[in-house]
Amino acid sequence: MAAALVAVAIVVVLSRLRARYLVVVAVGIAGLAMVVAVAATQAAGTSSVQSILGGVGAGLLIATAVIRPEGQRWFVVGAMIAVLYGFRIDQSVEIPRRYGDYLSTRTVPDLPDSWPLLVAAVLALLAAGFVIGQERVEPVPSRRALAVGAGVPLGAGALVLAMGELPGNPSVTVAVVAVVGLTALGWWLPRPDGVYVLAMLAVAAVIAVDPSVGDGPDRVGVSVQIGLMALGAFVGAMYRAPVAGIVLCAMVTVSGLAPALLDSGAVAEFAFRFAAPTAIGFVVGASLPAASATVIGLSVVPVLAHSFERRVLVAGYGDPEFGWPAVEADAYTVAPGPASAFLAATVTALGCAALVRWRRQPVADPLVHSVGR
């Protein structure tokens, strides 16, 4: 959330200065250096400046990724992959089995394994600077987009902080506030940004009730899911039909009701394993580009939706009242039960599809009609 605020500030500064993209590339390289520095300090065991460097560095990278409309689609897809599959990718990596294996003498043990990714990121930034370096950043986004870019992260942070103080079931309260707030934004913003907000609300509905988020397939299965999401984004960018993608999201969520009707979880498992990443990628590809500040602000929505992941943290650990197993369930767990959760997610997605279709219709100008008479 702090990174999103930093990114909005950087976008505003670069836009007002009409900076060349060479400056944007330099900003991205600086952000990458800060993120690498955070990884190094984590590996070395120091944490005094990790939060500051991490937030600023991530904000610089986000601003670099979304300030040009052509890059927004793949930034959002990459963010979705990190949110949905990052934990699974970590789990697929073999961890040391002995305590002594954790005692490394290297100062930065995590960087050597990831150096190809770092080199690729730097080369991509340099290539972008070489190709479009002399072009200038577009003018500053509208005030409404800036309000969304700063307001959505602040609102999400306030919801998280207020979780312990909310009456009743906190997860239901957060879900209702998020749905109502994002729907209002989708109506208030200009048409392209409003369509993107509603599309992301439908995606969030899928993520919030995904029963496969906590434990997924091996690295081959994760690779297939990532490939399907990228393919969906590519197809969505070609056909630009966000309503179709949102309806597909609704079909995924309604499949969660299949186990109660068919006494089998195969349909729901297939839908969430393979149809969900395809639908999410398609929606992202079809609904972008939008204002850079809007894209930044909405980047926190999948993270908030991911917090609704249903996990059983204490199963199999004996008495949960003592020692390490004394862990409470996630406060965001969807409490109304699987059937009502899937039904609510489906209604939300279908409502988003209806609103997007309505917003994409041309609106008659009463002044023009009066003049014509």
Worksheet item: Do Ile81 and Met229 touch side chain to side chain, with heavy atoms closer than 4.5 Å?
Response: yes
Worksheet item: Do Tyr239 and Phe234 share a hydrophobic cluster, counting only Ile, Leu, Val, Met, Phe, Trp and Tyr and linking them when any side-chain heavy atoms are less than 4.5 Å apart?
Response: yes
Fill in: Single-linkage hydrophobic cluster, 4.5 Å side-chain cutoff, Leu146 and Leu154 together
no
Item to complete: Report whether Leu53 and Leu5 are members of the same hydrophobic cluster (ILVMFWY, side-chain heavy atoms less than 4.5 Å apart, transitive linking).
Response: no
Would you tabulate the side-chain donor-acceptor contacts of residues 279-297 under 3.5 Å, counting partners in other chains and residues two or more places apart, or write 'none'?
residue: Ser287; atom: OG; partner: Val283; partner atom: O; Å: 2.7
residue: Thr294; atom: OG1; partner: Asp193; partner atom: OD2; Å: 2.9

Worksheet item: To the nearest 0.5 Å, what is the distance between CZ (Phe342) and OG1 (Thr253)?
Response: 8.5 Å
Item to complete: Could you grab the distance from atom CZ of Arg136 to atom CZ of Arg20, nearest 0.5 Å is fine?
Response: 4.0 Å
Fill in: Side-chain heavy-atom pair Leu198, Trp187 within 4.5 angstrom cut-off
no
Item to complete: Identify the two heavy atoms, one from Val224 and one from Phe274, that lie closest to each other, and give their separation to 0.1 Å.
Response: CG1-CE2, 4.1 Å
Discussion item. Side chain to side chain contact (heavy atoms under 4.5 Å, CB included) for Val177 and Leu159? Distances and angles first, verdict last.
Written reply: CA-CA 9 Å; Val177 171; Leu159 283 176; 4.0 Å; yes
Worksheet entry | Close side-chain approach of Leu185 to Val152, heavy-atom, < 4.5 Å | yes
Worksheet entry | Heavy-atom check, side chain of Leu61 versus side chain of Met34, under 4.5 Å | no
Item to complete: May I have the step-by-step check of side chain to side chain contact (heavy atoms under 4.5 Å, CB included) for Tyr85 and Ile226, ending in yes or no?
Response: CA-CA 8 Å; Tyr85 309 126; Ile226 293 173; 3.8 Å; yes
Worksheet item: Any chain of hydrophobic side-chain contacts (each under 4.5 Å) joining Leu228 to Leu248?
Response: no
Response to the item:
Heavy-atom nearest pair, Leu350 first then Ala250, reads CD2-CB, 3.6 Å
Discussion item. Please give me the minimum heavy-atom distance between Ala7 and Ile62, naming the atom from each residue.
Written reply: CB-CG2, 3.7 Å
Worksheet item: Considering only heavy atoms from C-beta outward, does the side chain of Thr64 approach that of Val25 to under 4.5 Å?
Response: no
Item to complete: Output yes when a side-chain donor or acceptor of Thr278 lies under 3.5 Å from a complementary backbone atom of Gly232, and no otherwise.
Response: no
Fill in: Heavy-atom side-chain contact between Leu126 and Ile29 under 4.5 Å
yes
Worksheet entry | Atom pair CE (Met200) and CG (Leu182), whose distance is rounded to the nearest 0.5 Å | 9.5 Å
Practice prompt. Indicate the atoms forming the closest heavy-atom contact of Val356 with Pro242, along with that distance.
Written response: CG1-CG, 4.2 Å
Worksheet item: Can you tell if the side chain of Gln225 reaches within under 4.5 Å of the side chain of Arg273, non-hydrogen atoms only?
Response: yes
Worksheet item: Looking at Ala341 and Val209, what are the two nearest heavy atoms and their distance?
Response: O-CG1, 3.7 Å
Response to the item:
When rounded to the nearest 0.5 Å, the distance separating CD1 of Ile207 from CG of Leu84 is 4.5 Å
Worksheet item: If we only count heavy atoms from C-beta on, is the Leu189 to Tyr196 side-chain gap below 4.5 Å?
Response: no
Practice prompt. Test the Arg68-Tyr21 pair against the cation-pi criterion, namely NZ or CZ under 6.0 angstrom from the six-membered ring centroid and within 45° of the ring axis.
Written response: yes
Worksheet, complete the sentence: For Ala63 and Val11 the tightest heavy-atom approach is CB-CG2, 3.9 Å
Worksheet item: Is there a path from Leu17 to Leu22 through hydrophobic residues (I, L, V, M, F, W, Y) whose side chains come within less than 4.5 Å of each other?
Response: no
Worksheet item: Once you round to the nearest 0.5 Å, how far does CE of Met80 lie from CZ of Phe75?
Response: 10.0 Å
